[in-house]
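Everything on this sheet refers to the single structure shown next.
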Amino acid sequence: MQNKESGEVIKDNYGRKVSYLRLSITDRCNLNCIYCRPGRNTRFIAHDQILTYEDMFYLLGVVAGMNVQKVRLTGGEPFARRDILYFLHRVKSGFPHLDIRLTTNATLIAGKIRALKDMGISALNISLDTLDREKYQRITGRDFLRNVLTSIDRCLEAGIRVKVNVVALKGINDDELESFVKMALNKPLDIRFIEFMPIGQNTLWEKDNFWSSSEIIQAAGQLTDLEPVSHRDINHGPARLYSLPQGLGRIGVISPLSNHFCLTCNRFRITADGRLRTCLFSDRDYRLLPLIRSPKVSKKLLKKVLEKAGLKKPLGHEIMGQEGKARVSICQRVMSSIGG
Ligand code: SAM
């Protein structure tokens, strides 16, 4: 159901409107993925600095009245936060018109799949970068591959749509393209390769490990027929998808670097400590937590702050222009603390 646009819409100076919020509900994660938290010594945010469920519920109430239609709960690992099902239930019943989505590593959902389905969570984005057990351990630091694969199957059986997100890492998982294509041929799910982004001070990003979307699609096209899927709905997201005439699922690519989608960006991000980022790649942020908690700050004032921040949303990012540097990072915070 679409929320009718009221006068209070978050717009920027380039004609873009914010209709999509990514809310990080924790910066904590039970995995240590090499591309997400490199160095593995990232300090977690102190508990009293993290948005409470009450804070988040309040904030959702504010943005829901400002034409935000879709909210993705992410992290960190959302299912690592205690009482997540309680929160989801509250959000689903409190904001029935909001399209609530989740991104998860699927290592902690086994006992929750039925409850998710029952409360109306109809789709999950599941991160999975390899189908090889030993490599999974190297990438994430944990031996959970079988667990994740089983949960993917249980979700499909329960009627929950699954989008598998694979961070494309040349020299690490490019040799597994065929296995992922087979998975998409055999199962009714989307497999989407996301270009590796240089995020966080100690990022491992280098030109040599960058595996571009065009290379991926070209190579996948050698393995099976691909038919481009066209989308008209702005909320379908930035993935370019291909259906597989010989199979059940689809293959897709998300190209934040080689073919960035800044010009149509409709997103705001809220970090686990309540900082608003108007652009993933910009460290400029706005501390909302004190405003959310202050009895002196009305919803109306908070809306004004969001509107003003919207006007400062950058047009785009310049990462591919930074040729010549061996290793670059375009923002300081790691992805797990921003909310991927
Ligand atoms: N823990 C959840 C999960 O694993 O899906 C949610 C958080 S995770 C940060 C969200 C997404 O960000 C995942 O799909 C992850 O693979 C992706 N991601 C993290 N760091 C990235 C990077 N440097 N480049 C591209 N994608 C990245």
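Note that ligands are numbered from 1 as they come in the structure, with each ligand's atoms numbered from 1 the same way.
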Item to complete: Start with the C-alpha distance between I292 and L302, add both sets of side-chain angles, then the distance that settles side chain to side chain contact (heavy atoms under 4.5 Å, CB included), and finish with yes or no.
Response: CA-CA 8 Å; I292 293 171; L302 192 50; 4.1 Å; yes
Worksheet item: So do the side chains of T278 and D12 get within less than 4.5 Å of each other, counting heavy atoms only?
Response: no
Please tabulate, line by line, the atom pairs linking an N/O of ligand 1 to a protein N/O at a distance below 3.5 Å, with the distance in Å to 0.1, or answer 'none'.
from: ligand 1; atom 1: 1 (N); to: G76; atom 2: O; distance (Å): 2.9
from: ligand 1; atom 1: 1 (N); to: E77; atom 2: OE1; distance (Å): 3.0
from: ligand 1; atom 1: 4 (O); to: S127; atom 2: OG; distance (Å): 3.3
from: ligand 1; atom 1: 5 (O); to: T104; atom 2: O; distance (Å): 3.3
from: ligand 1; atom 1: 5 (O); to: S127; atom 2: OG; distance (Å): 2.5
from: ligand 1; atom 1: 14 (O); to: S127; atom 2: OG; distance (Å): 2.9
from: ligand 1; atom 1: 16 (O); to: Y35; atom 2: OH; distance (Å): 3.2
from: ligand 1; atom 1: 23 (N); to: Y35; atom 2: O; distance (Å): 3.3
from: ligand 1; atom 1: 23 (N); to: M197; atom 2: O; distance (Å): 2.9
from: ligand 1; atom 1: 24 (N); to: M197; atom 2: N; distance (Å): 2.9

**Asked** Taking the inter-plane angle between the rings of F193 and F180 on a 0 to 90° scale, is it parallel (under 30°), tilted (30 to 60°) or perpendicular (over 60°)?
**Response** perpendicular
**Asked** If you measure only the distance, is there a donor-acceptor pair under 3.5 Å linking the side chains of E215 and S212?
**Response** yes
Taking C-beta and beyond as the side chain, do S213 and E195 meet within less than 4.5 Å on heavy atoms? yes
Check your understanding: Can you check side-chain hydrogen bond (donor to acceptor under 3.5 Å, both in side chains) on T150 and N147, steps first, answer last?
Key -> CA-CA 5 Å; T150 305; N147 182 329; over 6 Å; no
